[in-house]
Amino acid sequence: RSEKWVRLVAILCTLTGLVLVMAGLSAFEFHLRTATVIRSLKSALSPLAHFTAIFVFFVAFTSVFVHSNLSAVHDGFASVGATTNTMVDFMLGGRPHTESGDITITLVMHAFIIVFFMLVLLNVFLAIIMDAYGRETARVEKVTEEYSVFYDTWLLLRDVYSLRWRAAKKWCFAHILATSASDETSVQSCSDLFKLIEQCPQVEMSNEDVDQAQTFLFNDPVLGTYQFTAKEVHTFFGMMCHLDVLWDKRRSTDVTSEDPPADAATDVTPKHTEV
């Protein structure tokens, strides 16, 4: 009885470890290339689940069929479990011997496993993964700036040490910047960032003076309620203003002409990229 419990605990520990490893994969989404691979696997979960159901059904059906025909003459098919194990070994390259059993049934079984499992289903599995990976790589083609994995690791550690924001709070801050009613086209200083936050309709300020200790309270029925202090905003701007991905390398100098042509007004590149 004790051996049975030890085996059960070992199985539970193994499954728990696998779940923790799968959950830990999300921690590698801080880098562009690793995030592409992980997001590809996540987006392929649904079709892979359907593929797994089809694969398991045909493995079970084929195991029962082969076991009923070769169990009496072949030791590798003595039971349904042994038959399944032999078939898996066959798909991985370990072909069972053909010294016993009806040659016709053996030929049909080998041909079916080779064609259906090894040539069809395994390629369908690869096609699902490649399709998801192709969609993710198409999404990141628009990213013009890319850092190395070592620099992204440094940025992640600095972000965790300086801001200590959870992912939900970061998304709320991005929502504030995206829904601001400000008509400013650039953020050149921390004061500009304060003004941008103030114009968000879902943000309430605790102080009218930007230079004093100010607190922004964000309230949304879906995203929740979060508080951003002036120190956090200053820290965020100090971290982000040095990243090339936020600023246009081709930014030009200020326009000196007082009356530019009407058709050229939209062609003027701002000093910083739009927020």
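For the single chain, residues carry numbers from 1 onward in sequence order.
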Using a 3.5 Å cut-off and no angle test, enumerate the donor-acceptor pairs between side-chain atoms of residues 53-67 and protein atoms at least two apart in sequence or in another chain.
| unit_1 | atom_1 | unit_2 | atom_2 | d |
| --- | --- | --- | --- | --- |
| Thr62 | OG1 | Phe58 | O | 2.7 |
| Ser63 | OG | Val59 | O | 2.7 |
| Ser63 | OG | Thr84 | OG1 | 3.0 |
| His67 | ND1 | Phe77 | O | 3.0 |

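- Considering NZ of Lys195 and OG of Ser191, their distance stands at 6.5 Å, rounded to 0.5 Å.
- A salt bridge (Lys or Arg N to Asp or Glu O under 4.0 Å) check over residues 52-66, counting only residues at least two apart or in different chains, returns nothing.
- Legend: salt bridge (Lys or Arg N to Asp or Glu O under 4.0 Å) pairs involving residues 15-28, not counting sequence neighbours: none detected.
- Atom OG1 of residue Thr86 and atom CE of residue Met91 lie 10.5 Å apart, to the nearest 0.5 angstrom.
- The salt bridge (Lys or Arg N to Asp or Glu O under 4.0 Å) pairs that include a residue from residues 5-27 are Glu3-Arg7, where partners are two or more places apart or lie in different chains.
- Here the closest non-hydrogen pair linking Thr179 and Pro201 is O-CD, 3.6 Å.
- Applying the salt bridge (charged side-chain N to carboxylate O under 4.0 Å, His left out) rule to Lys231 yields no partners; only residues at least two apart in sequence or on another chain are considered.
- Annotation: side chain to side chain contact (heavy atoms under 4.5 Å, CB included) contacts of Trp154 (sequence neighbours excluded): Tyr151, Arg158.
- The two residues Pro47 and Ser43 make their nearest non-hydrogen contact at CD-O, 3.9 Å.
- Note: the hydrophobic cluster containing Ile114 also contains Phe125 (ILVMFWY, side chain heavy atoms under 4.5 Å, direct or indirect links).
- The distance from the CE atom of Met87 to the CE atom of Met109 is 8.0 Å, given to the nearest 0.5 Å.
- Here the shortest heavy-atom pairing between Ala132 and Ser40 reads CB-O, 3.4 Å.
- Ring geometry for Phe173 versus Trp165: interplanar angle of 30 to 60°, hence tilted.
- Evaluation of the salt bridge (charged side-chain N to carboxylate O under 4.0 Å, His left out) rule for Asp89 yields no partner, not counting sequence neighbours.
- Here the two rings, on Phe150 and His31, have centers that are 6.0 Å apart or farther.
- Note on Val124 and Phe117: same hydrophobic cluster, where clusters join Ile, Leu, Val, Met, Phe, Trp and Tyr whose side-chain heavy atoms are under 4.5 Å apart, directly or indirectly.
- Smallest separation of non-hydrogen atoms from Val233 and Cys190: O-SG, 4.3 Å.
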Donor-acceptor pairs are to be reported for all side-chain atoms of residues 221-230 against protein atoms at under 3.5 Å, with residues two or more places apart or in another chain.
| unit_1 | atom_1 | unit_2 | atom_2 | d |
| --- | --- | --- | --- | --- |
| Thr225 | OG1 | Asn219 | OD1 | 3.0 |
| Thr229 | OG1 | Glu232 | N | 3.3 |

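- Members clustered with Tyr133: Val37, by chain and number, using a 4.5 Å side-chain heavy-atom cutoff among hydrophobic residues.
- Side chains of Leu177 and Leu193 form a contact here, defined as non-hydrogen atoms less than 4.5 Å apart.
- Between Glu136 and Arg139 a salt bridge is recorded (basic side-chain N to carboxylate O distance below 4.0 Å).
- For the atom pair Ile197 CD1 and Asp192 CG, the distance stands at 11.0 Å (nearest 0.5 Å).
- The cluster map of Ile, Leu, Val, Met, Phe, Trp and Tyr, joined by side-chain heavy atoms under 4.5 Å apart, puts Met118 and Val108 in different clusters.
- Identified under the salt bridge (Lys or Arg N to Asp or Glu O under 4.0 Å) test for residues 45-59, with sequence neighbours left out: none.
- In this structure, Asn85 contributes its side chain and Gly81 its backbone to no donor-acceptor pair below 3.5 Å.
- Hydrophobic cluster membership differs between Leu45 and Ile129, with clusters built from Ile, Leu, Val, Met, Phe, Trp and Tyr side chains linked at under 4.5 angstrom.
- One hydrophobic cluster, built from ILVMFWY side chains closer than 4.5 Å, holds both Phe116 and Ile113.
- A distance of 12.5 Å separates OG1 in Thr137 from CZ in Arg39, rounded to the nearest 0.5 Å.
- Here CG of Asp220 is found 9.5 Å from CD1 of Ile176. Values are rounded to the nearest 0.5 Å.
- Here the closest non-hydrogen pair linking Phe218 and Cys172 is CE2-SG, 3.8 Å.
- Within the hydrophobic cluster formed by Ile, Leu, Val, Met, Phe, Trp and Tyr side chains joined at under 4.5 Å, directly or through other members, Val115 stands alone, with no partner residue.
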Throw together a table of side-chain donor-acceptor distances under 3.5 angstrom for residues 9-20, partners on residues two or more places apart or in other chains.
| unit_1 | atom_1 | unit_2 | atom_2 | d |
| --- | --- | --- | --- | --- |
| Thr14 | OG1 | Ala10 | O | 2.8 |
| Thr16 | OG1 | Leu12 | O | 2.7 |

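- Crowding of Gln199 atom CD: a count of heavy atoms from other residues, nucleotides or ligands under 6.0 Å exceeding 12.
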